[in-house]
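Take a look at the structure set out below.
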Protein chains: 4
Amino acid sequence: MCRWMAWFGQPVLIEELLFNTQHGIVDQSLHSRMGAEPTNGDGFGMGWYGAGEGPAVYHAVAPAWADANLRELASHIESHLFLVHVRAAIGSPVQQTNCHPFRRGRWLFVHNGYVADFHALRRDLMIAIDPALFPEVHGSTDTEVVFHLALTFGLEDDPIGALEQTVGLIEETARRNGTECLVQGTFGISDGATLWAVRYATEGTPRSLFASADVKAIQHLQPDNPRFERLTPDDRVIVSEPFSDLPGMWQEIPPSTAATVRPGGVLEEKPFVPRAAPVPASAPA
Amino acid sequence: MCRWMAWFGQPVLIEELLFNTQHGIVDQSLHSRMGAEPTNGDGFGMGWYGAGEGPAVYHAVAPAWADANLRELASHIESHLFLVHVRAAIGSPVQQTNCHPFRRGRWLFVHNGYVADFHALRRDLMIAIDPALFPEVHGSTDTEVVFHLALTFGLEDDPIGALEQTVGLIEETARRNGTECLVQGTFGISDGATLWAVRYATEGTPRSLFASADVKAIQHLQPDNPRFERLTPDDRVIVSEPFSDLPGMWQEIPPSTAATVRPGGVLEEKPFVPRAAPVPASAPA
Amino acid sequence: MCRWMAWFGQPVLIEELLFNTQHGIVDQSLHSRMGAEPTNGDGFGMGWYGAGEGPAVYHAVAPAWADANLRELASHIESHLFLVHVRAAIGSPVQQTNCHPFRRGRWLFVHNGYVADFHALRRDLMIAIDPALFPEVHGSTDTEVVFHLALTFGLEDDPIGALEQTVGLIEETARRNGTECLVQGTFGISDGATLWAVRYATEGTPRSLFASADVKAIQHLQPDNPRFERLTPDDRVIVSEPFSDLPGMWQEIPPSTAATVRPGGVLEEKPFVPRAAPVPASAPA
Amino acid sequence: MCRWMAWFGQPVLIEELLFNTQHGIVDQSLHSRMGAEPTNGDGFGMGWYGAGEGPAVYHAVAPAWADANLRELASHIESHLFLVHVRAAIGSPVQQTNCHPFRRGRWLFVHNGYVADFHALRRDLMIAIDPALFPEVHGSTDTEVVFHLALTFGLEDDPIGALEQTVGLIEETARRNGTECLVQGTFGISDGATLWAVRYATEGTPRSLFASADVKAIQHLQPDNPRFERLTPDDRVIVSEPFSDLPGMWQEIPPSTAATVRPGGVLEEKPFVPRAAPVPASAPA
């Protein structure tokens with residue numbers, strides 16, 4: 001049920017991380033080792049910051065491993081901050097509007113996991129979205145609704161706080177509906193200047209999430225690659241699943257944790273604590 | 001902004017109407033003469049009654065003129081009742097979940113036209129959908145919302161009455177929101193045993209809609225086609241736009257009219273009168 | 001690298017074999033157990049005999065497991081003889097013209113396996129195709145070239161003999177070019193009245209291939225399905241990989257064997273012996 | 001039958017030419033005024049020089065007007081030299097391998113027009129392709145064959161000379177086959193350092209082709225756009241069809257002419273004279 005990765009550091013050709021890396025995200029689309037499903041072939045998406053206004057997104061319904069355009073773009077676009085997501089649909093259609101990353105203004109949002117019983121909760125959750133944002137929901141995934149709830153709760157001012165309120169609202173709504181109150185997954189968020197990564201599950205172990213340990217670890221991945229020799233301590237990678245099997249290379253992000261990656265490669269972790277909030281004033285009674 | 005056609009009569013290979021006819025619906029996808037736009041290339045759909053349970057639907061994002069599978073299906077599927085729709089998207093994404101016909105159980109639904117300011121009304125209209133039906137809205141078109149409102153208002157018992165209430169609700173909601181209260185278009189509905197066609201606009205002239213005049217008219221279309229020589233008075237075609245330019249072949253369905261085609265080729269017309277209804281009990285206060 | 005199945009018997013809704021069966025071909029597209037690759041997600045195709053002239057083909061670039069139209073067609077089309085193929089591309093693009101079954105006139109052709117070093121042999125093999133057939137090669141797979149060579153060698157008169165000559169020519173051409181002379185795979189061929197299945201490899205064990213053992217075996221698959229209770233001894237299924245794990249249900253088709261399924265469920269096997277033939281007179285010197 | 005454009009000058013966001021221009025190439029995909037067909041909706045492609053090795057290509061089967069990814073890429077990729085092509089298929093399938101630009105190494109190639117009776121000539125023309133290049137032909141268009149013939153005749157050393165030999169060979173082959181010897185169209189070629197544009201027809205008037213007259217003309221297009229205020233005399237645009245109807249803005253490239261655009265905006269024209277050449281030594285007797 002999906003895999004994602006994020007790069008934040010010096011500008012690199014995206015292919016360095018997508019195709020020139022052992023067990024990179026494209027390989028994970030075909031042969032995931034740690035995911036709930038080995039195959040993540042139900043479309044994919046890439047969002048990056050670079051030339052032009054705000055982030056670009058490329059969404060495709062083909063499996064990532066088979067998309068000729070992805071190889072082209074990855075080998076001809078340089079970015080200092082990008083997110084890539086490969087999807088395993090669980091019920092919702094394979095269409096571009098269901099592909100991550102979701103975007104609003106400068107913001108990108110990806111998710112690996114699910115809202116349990118989303119089908120039953122969807123209406124209540126959509127009603128809680130700020131009416132001004134409601135028409136921007138074009139697809140049918142739980143993630144797009146989560147993103148617009150987080151926007152409703154102030155993601156653009158405090159992304160982690162807004163996501164804590166969103167998850168709190170979903171858990172509260174689920175309980176009220178007598179459905180199983182499970183939010184499961186990892187989330188990646190960015191505004192182009194900072195990168196946030198959250199790992200959380202209402203119950204049980206959340207989906208896996210790792211951060212690159214330090215520059216030396218990354219350089220170890222491709223010792224002969226001159227790009228990586230030039231890596232600086234500014235560079236960080238966040239992944240659902242490590243790129244290679246070499247031990248000691250990645251640090252696991254603990255459950256119920258929000259990690260913040262700031263410019264300069266600074267990685268901070270703090271607890272992620274959902275809290276039910278009153279529906280914001282902009283939403284209807 | 002879209003073209004559609006419906007056949008109800010004896011079983012025919014679908015290609016007879018789609019490809020073997022002068023200025024058929026596939027040609028209209030590339031060169032519409034009476035539509036708001038000459039090109040209807042933003043996906044298409046076909047729904048038919050035949051083998052298996054209920055109607056089948058085939059939805060594709062390619063233009064109808066370029067879809068190799070459509071030629072295959074049309075030349076190898078026989079049906080006594082089918083609807084085909086070619087789309088000109090006006091803002092909403094080109095994806096299969098936005099392709100007509102929409103379906104629920106035995107019911108098919110197509111639409112040519114629009115709900116003005118749908119973007120602004122979407123939330124209010126979706127809240128008025130029966131909560132049990134809400135999760136079935138997978139796309140982002142106005143038509144899918146109209147269909148689910150009509151289902152909410154009892155389409156399965158009284159399709160024209162339910163559509164009158166739906167259009168009434170939309171007009172009322174639009175007025176309340178201070179937006180332009182325009183519902184524009186033609187609608188095709190079937191349950192496999194009866195075919196309904198509606199032509200209506202809140203203001204001005206609605207999109208064009210025609211019914212085949214009588215069997216002789218249809219036979220005139222393809223005088224050398226042995227299939228058509230065998231046509232019986234049971235056969236009726238409904239079209240957004242006539243298949244050929246020969247005069248006297250088609251009868252226009254008047255504005256504000258609901259036509260009912262029953263088995264045996266019986267065609268009845270009655271006024272279509274929207275009326276604002278209280279939101280049904282199954283929807284929330 | 002690919003999986004396929006064929007049904008020849010009484011007319012059934014295609015979904016009975018595709019979706020209502022344990023570990024059917026659509027499940028094999030996601031989780032093949034006996035294939036060279038577990039994932040066969042690079043497009044698929046279905047060819048069937050029924051209404052209309054000759055066989056219909058439906059080709060799609062989406063993975064079979066994710067294609068909403070496949071479920072629709074399978075549950076609304078009845079056929080007495082159909083072939084379904086799910087593809088794992090090995091180098092050639094994922095496009096409809098590379099999807100099996102290939103068709104000419106009444107003939108359908110599917111293949112699981114490969115021609116080794118096809119890239120190097122492609123020109124020589126294409127030159128050996130009857131010039132009148134050459135323009136009909138629209139894609140870039142080895143299989144399409146094999147099919148057109150077999151047509152050149154008289155597939156429409158003697159399908160197995162023509163395939164023996166084709167494989168002989170490929171092996172001879174490979175040897176002459178100093179490349180590895182490996183033809184590997186299984187082939188399915190039909191004209192709507194007979195079904196042929198071939199299992200062969202120049203060296204080593206060919207890809208797996210099975211025939212349903214007898215009617216009781218098939219009924220065992222779905223004991224509670226009223227359709228299958230009505231099965232007659234006329235019904236045969238050929239599969240790359242058994243639908244279920246129950247032992248004793250399927251008989252393996254031996255290597256270097258051509259199986260012929262005739263009306264009435266008659267299954268005959270004979271040796272498959274490639275033989276290099278002079279290039280037919282219709283091809284250039 | 002297709003439209004294309006090329007930009008060569010200072011780096012710009014591609015959207016400036018594709019979307020922010022009156023009657024740009026994307027608008028021409030829906031409403032061409034000077035093309036053989038008003039609709040060029042059978043896929044499109046974009047090739048550009050920028051970051052990474054050699055040119056990138058993006059090919060899509062959707063109509064250009066409906067492709068959300070094209071808007072994303074165009075508004076986030078900067079390039080000093082790019083070609084965009086919108087396709088109206090005439091017989092060959094709508095698939096990515098049939099989309100222009102075609103590429104080899106640093107070279108891009110686009111074409112508007114056709115080789116008459118290509119179906120009949122295809123085999124002879126493909127046999128004339130250098131056997132080492134033969135396996136690189138993945139699609140089924142005339143243009144891809146023309147490109148590989150030109151590569152065979154030395155396009156990488158002398159693009160115009162190679163194209164003259166290619167057209168000569170096609171005309172000679174056509175005459176030998178007794179078919180109508182018509183090559184029709186315009187061609188765009190680049191290696192990232194120079195841009196070539198050819199306008200030619202064996203008989204009659206070739207497809208239209210224009211070059212931007214001078215910097216002032218381009219600035220006139222968008223007087224209020226600060227990007228264009230910064231235009232230098234280095235900048236040139238080549239188009240099948242002018243971006244706007246303002247007279248005096250574009251200079252027509254005459255029939256039977258090859259135009260060369262060099263760095264610094266230098267535009268040279270010389271006659272384009274096809275000449276039948278002996279098939280090069282690398283091709284078989």
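Lettering of chains follows the sequences in order, A, B, ..., and the numbering in each one begins at 1.
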Testing the basics here: between B/H138 and A/Q95, what is the closest heavy-atom pair and its distance to 0.1 Å?
O-NE2, 3.8 Å
Taken to the nearest 0.5 Å, the spacing of A/E136 CD from B/H119 NE2 works out to 4.5 Å
Any side-chain heavy-atom pair from B/I127 and A/R123 closer than 4.5 angstrom?
yes
